[in-house]
Protein chains: 2
Amino acid sequence: MAERISDAEHAVMEVLWEEAPLTAQDVAERVDPERGWSTNTVKTLLGRLLAKSAIAHEEQGRRYLYRPLVARDDYVVGESRRLIDRLFGGRLTPLVAHLAERDELTAQDISEIEALLKELKA
Amino acid sequence: MAERISDAEHAVMEVLWEEAPLTAQDVAERVDPERGWSTNTVKTLLGRLLAKSAIAHEEQGRRYLYRPLVARDDYVVGESRRLIDRLFGGRLTPLVAHLAERDELTAQDISEIEALLKELKA
DNA sequence: TCTTATTGATTACAAGCGTAATCCTATTAC
DNA sequence: GTAATAGGATTACGCTTGTAATCAATAAGA
């Protein structure tokens, strides 16, 4: 379950998180066209995700329907934690501070987060 | 310059960001002992970082002194942006929201960030 | 001067990744 | 019934990464 999902694999997961279950064909059609992947590539990635138990498949006639086993939420929180631990000693504040310093935060970001934090304390 | 620094390489960069210039030996001694790396491993990584132009070296007698070319700030902001773009559509708020939802934020985090944001608006 | 210890450079090597092509089998169209 | 097709499984292949071992040159010590 904890097999680290690669970048390419992640693109496939996004499709299945958006909608599932799907056939390999469906997934191939929905993957970000930016990638320009062949159907075969997508099938390979589905196979690797199966091996990692990040997804499961069930037979539907002569093909499979794929669906995620790992929740998107778990994935994004895990990845976020990894980054924050690796780069900011596990604390979120320096991340926000760095982005702010670089003007990577919009006024909207700032008020959204403020509102969110206020909510949290309530 | 934009050659993506790997995880192992990053551990070496951290040493040089902390103190530079240093000899390969110095770096090897300072790398997180958790890694349990041989001196050779560290030298390989220094070589790769040189090839990626992430660091530079100047001769000092019969050995080199290594120093970072990439600033830590640029690195962390770049990595953070990548994650946020990849997982949260480029917006910081969902990251904070996800962590909050999972109780990954301490009360201290929350007040720190609030203070920081208030500062930003000033 | 001959040997040994340093230190950088070169080579190694398996696993993971990105990106398929090919093979095999079942099915569908003629 | 035979040929083309669709779909999964297997194999491929070069690049990067993690992790060194080995080689070559030089300096230092005996």
Pick base, sugar-phosphate or nothing for [X], based on heavy-atom distances below 4.0 Å to the nucleic acid.
{"X": "B/G36", "answer": "sugar-phosphate"}
{"X": "A/T41", "answer": "base"}
{"X": "B/T44", "answer": "base"}
{"X": "B/S38", "answer": "sugar-phosphate"}

Check your understanding: So, B/E101 side chain and B/H98 main chain: donor-acceptor pair closer than 3.5 Å or not?
Key -> no

To the nearest angstrom, how far is [X] atom [atom1] from [N] atom [atom2]?
{"X": "B/Q60", "N": "C/dG8", "atom1": "CD", "atom2": "C1'", "answer": "14 Å"}
{"X": "B/D7", "N": "D/dT19", "atom1": "CG", "atom2": "C1'", "answer": "14 Å"}
{"X": "A/R4", "N": "D/dG18", "atom1": "CZ", "atom2": "C1'", "answer": "15 Å"}
{"X": "A/E59", "N": "C/dT27", "atom1": "CD", "atom2": "P", "answer": "11 Å"}
{"X": "A/E29", "N": "D/dA6", "atom1": "CD", "atom2": "C1'", "answer": "13 Å"}
{"X": "A/L46", "N": "D/dG8", "atom1": "CG", "atom2": "P", "answer": "9 Å"}
{"X": "B/L22", "N": "C/dG8", "atom1": "CG", "atom2": "P", "answer": "12 Å"}
{"X": "A/E34", "N": "C/dG18", "atom1": "CD", "atom2": "C1'", "answer": "16 Å"}

Exercise for review: Name the closest nucleotide to the A/E9 side chain, picking from C/dT7, C/dC17, D/dT22.
Suggested key: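 Closest nucleotide to the A/E9 side chain: C/dC17.
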
Practice item. Would you indicate which nucleotide in D/dG18, D/dA9, D/dG7 comes nearest to any side-chain atom of A/Y64? Key: D/dA9

Within the structure, does a side-chain N or O atom of [X] lie under 4.0 Å from either OP1 or OP2 of [N]?
{"X": "A/K43", "N": "C/dC23", "answer": "no"}
{"X": "A/R63", "N": "D/dG7", "answer": "yes"}
{"X": "B/S6", "N": "D/dG18", "answer": "yes"}

Check your understanding: If you draw a 6.0 Å radius around CD in B/E29, do more than 12 non-hydrogen atoms from other residues or ligands fall strictly inside?
Key ->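 Yes, CD of B/E29 has more than 12 neighbouring heavy atoms, counting only those of other groups under 6.0 Å.
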
Can you find a heavy atom in the side chain of [X] that is under 4.5 Å from one in the side chain of [Y]?
{"X": "A/H10", "Y": "B/L87", "result": "yes"}
{"X": "A/R4", "Y": "A/E79", "result": "yes"}
{"X": "B/L22", "Y": "B/E19", "result": "yes"}

Regarding [N], can its base be found pairing with the side chain of [X] as donor and acceptor, where the two atoms are less than 3.5 Å apart?
{"X": "B/R35", "N": "D/dG18", "answer": "no"}
{"X": "A/R48", "N": "C/dT19", "answer": "yes"}
{"X": "A/R62", "N": "D/dA6", "answer": "yes"}

Exercise for review: Between A/I5 and B/N40, just flag the one whose closest nucleotide in DNA chain C comes earlier from the 5' side.
Suggested key: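 Mapping each residue to its closest nucleotide by heavy atoms, the 5'-most match is B/N40.
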
Let me have the donor-acceptor pairs involving side chains of residues 59-68 of chain B, under 3.5 Å, with sequence neighbours excluded, atom names and distances please.
from: B/R67; atom 1: NH2; to: B/E58; atom 2: OE1; distance (Å): 2.6

